[in-house]
Number of protein chains: 2
Amino acid sequence: MKRDLSTEEKIKAAAKKVFMTKGFDGCSVRDIAKEVGSNVALLNYYFRSKEKLFELIFEGAMSDFLQSIIEVFSSDLALKEKTSLLIDKEFDFFMEHPELPMFIIQAIQQNKNESSVAPTFFEPIEKTGIFQQLKEAQAKGEMRQMSLRNITILLMSNVHYPFMSKKLTQQFHGIDEATLQQDLFAHKAHVKEMLINYLFPQNQPA
Amino acid sequence: MKRDLSTEEKIKAAAKKVFMTKGFDGCSVRDIAKEVGSNVALLNYYFRSKEKLFELIFEGAMSDFLQSIIEVFSSDLALKEKTSLLIDKEFDFFMEHPELPMFIIQAIQQNKNESSVAPTFFEPIEKTGIFQQLKEAQAKGEMRQMSLRNITILLMSNVHYPFMSKKLTQQFHGIDEATLQQDLFAHKAHVKEMLINYLFPQNQPA
DNA sequence: ACTCTTTTTAAACAAATGTTTAAATAACTT
DNA sequence: AAGTTATTTAAACATTTGTTTAAAAAGAGT
């Protein structure tokens, strides 16, 4: 057939949309089929099952996610500048894909990911040499002495959470999408200043 | 009958456990019945439906959540001390109920909460006078000039996210539960120092 | 035009879902 | 002990679930 443009891609796009908004358990394959404007059997014709389709979407999401990080880490900047740039880029990225952090964390929490994320996620980042750069910066006293894991938690908390809690924040403060958007911009500025100051203290002791 | 101790409570406990770990969509009423060690019909006898039961659990979770905040805000301390205490208490609370942040945010995201959270959540906090205290602290220059909403986002990000991303962090760094626990303690210390320094700058400009 | 393969569909499948029914069992009242 | 109510159960219910089947439709090759 080759109807118009790859049906396979259309299904993937629809599945992504539905999975992202409703979650794996929260949607049926018929929901996705309806979004495609087609039949349920077609999904299993192209992808073997609902689970396989989800895994594909999940891996794609992780890949997109990873991409935006790698770009920054691969750049030729000092760690302080990389940190600042990372926060900027991540915010820009999540502004366009606000459902992504929730989607990923939820999928991992429910073990919907067959393989561990470590090899597909940790290693590509390590290859950018960012961890080595971090070690050196700490050795030179340019950066606060704290574990890589705690740096990660600190960064991710401030960058991911605001997008995961959009609805909660809106309901809690009774604000609309546009106002929240402004708050997110303000948050980005706060996070940048706060984190940079904390991670790279200007008057380090002794 | 009054078999042993309130069947109703046993069902609620089981439902809480199952809903927390698997989510509303991720579990069936039979999962809950099995956890109780009883029949499905019993759930609908005490609670009208799966949805009603969930709402009850959700409201209970929100209430517990709120309780731990109110306590701190109602205390007779300066804002700086309250902030520090809040972070401590919240961390202690989530150490014992690590699924709670995810559960609440997920429920709100999927509109599983009938009523808006604002009245049940915002107002009790406002009644502690914390917002007024905050305004005054900012007027006196003791606290950084930033919106209540951004303060909220900043605090919640650093306190909630680490518990929501437990599995992700574990997989990413390849660490066990005990190690993560230590990281969370370290994170608490970092957050306290970082946030206090940022929210209450010692050398405020002009 | 005819064949062969690929794509799409409607229908059916068994299993699982939330809920209800009616009967059984236990507890309470007198 | 008998009668009444409250609790618990097994079974059935109508839908919905993910998946499969077999036929129809569309494309490509000759």
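A quick note: this is a predicted structure, and the numbers were derived from the prediction, not measured. Order of the sequence lines sets the chain letters (A, B, ...), proteins ahead of strands, with each chain counted from 1. The figures here come from the full heavy-atom set of this structure, side chains too, leaving out hydrogens, waters and symmetry mates.
The C1' atoms of five pairs define one axis at each end of the helix from C:dA1-D:dT30 to C:dT30-D:dA1, and these two axes lie 10° apart (to 10°).
Annotation: ring-ring contact (aromatic ring centres under 6.0 Å, His included) contacts of A:Tyr198 (sequence neighbours excluded): B:His190. Remark: B:Lys89 pairs with B:Glu71, B:Val72, B:Leu85 by the side-chain contact (heavy atoms from CB on, under 4.5 Å) rule, at least two apart or across chains. Contacts of A:Thr152 classified as side-chain contact (heavy atoms from CB on, under 4.5 Å), with partners at least two apart in sequence or in another chain: A:Leu148, A:Met156, B:Phe172, B:His173. The side-chain contact (heavy atoms from CB on, under 4.5 Å) test applied to B:Val159 returns B:Glu90, B:Phe91, B:Phe94, not counting sequence neighbours. In this structure, B:Thr21 has no side-chain contact (heavy atoms from CB on, under 4.5 Å) partners at least two apart in sequence or on a different chain.
The residue B:Tyr46 sits close only to the backbone: its heavy atoms come under 4.0 Å of sugar-phosphate atoms, none of a base.
In this entry the distance linking NZ of B:Lys50 with P of C:dT19 reads 8 Å, nearest Å. Between the C1' atom of C:dG18 and the CD atom of B:Glu51 lies a distance of 10 Å, rounded to the nearest Å. Put simply, CD1 on B:Ile32 is 10 Å from P on C:dT19, counting in whole angstrom units. Taking atom CG on A:Leu43 and atom P on D:dT20, their separation rounds to 13 Å, with Å as the unit. The CG atom of B:Asn44 sits 8 Å away from the C1' atom of C:dT20 (whole-angstrom rounding). Distance NZ (B:Lys34) to P (D:dT9): 15 Å, rounded to an integer number of Å. To the nearest angstrom, P of C:dT21 lies 17 Å from CG of B:Leu42. Atom CZ in B:Phe54 sits about 17 Å away from atom C1' in C:dT17, given to the nearest Å.
Applying the 4.0 Å criterion to OP1 and OP2 of D:dA10, one finds that B:Asn39 has a side-chain N or O inside that range. Put simply, B:Thr7 has no side-chain N or O that comes within less than 4.0 Å of OP1 or OP2 on D:dT7.
Picking from C:dT9, C:dG18, C:dT6 the nucleotide with the shortest atom distance to the side chain of A:Tyr45 gives C:dT6. Which of C:dT19, D:dT8, C:dT9 sits closest to the side chain of A:Ala41 comes down to C:dT9.
In this structure, the side chains of B:Met95 and B:Phe185 come closer than 4.5 Å at one or more pairs of heavy atoms.
Within the structure, the salt bridge (charged side-chain N to carboxylate O under 4.0 Å, His left out) test picks out the following pairs touching residues 155-177 of chain B (sequence neighbours left out): B:Lys166-B:Glu177.
For DNA chain D, the residues of residues 16-31 of chain B within the heavy-atom distance limit of 4.0 Å (strictly under) are B:Arg30, sorted by number.
B:Phe24 carries B:Lys50 over the face of its six-membered ring, with the cationic atom under 6.0 Å from the centre and within 45° of the normal.
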I'd like a table of donor-acceptor pairs (distance under 3.5 Å, sequence neighbours excluded) in which one partner is a side-chain atom from residues 101-110 of chain B, with atom names and distances.
none

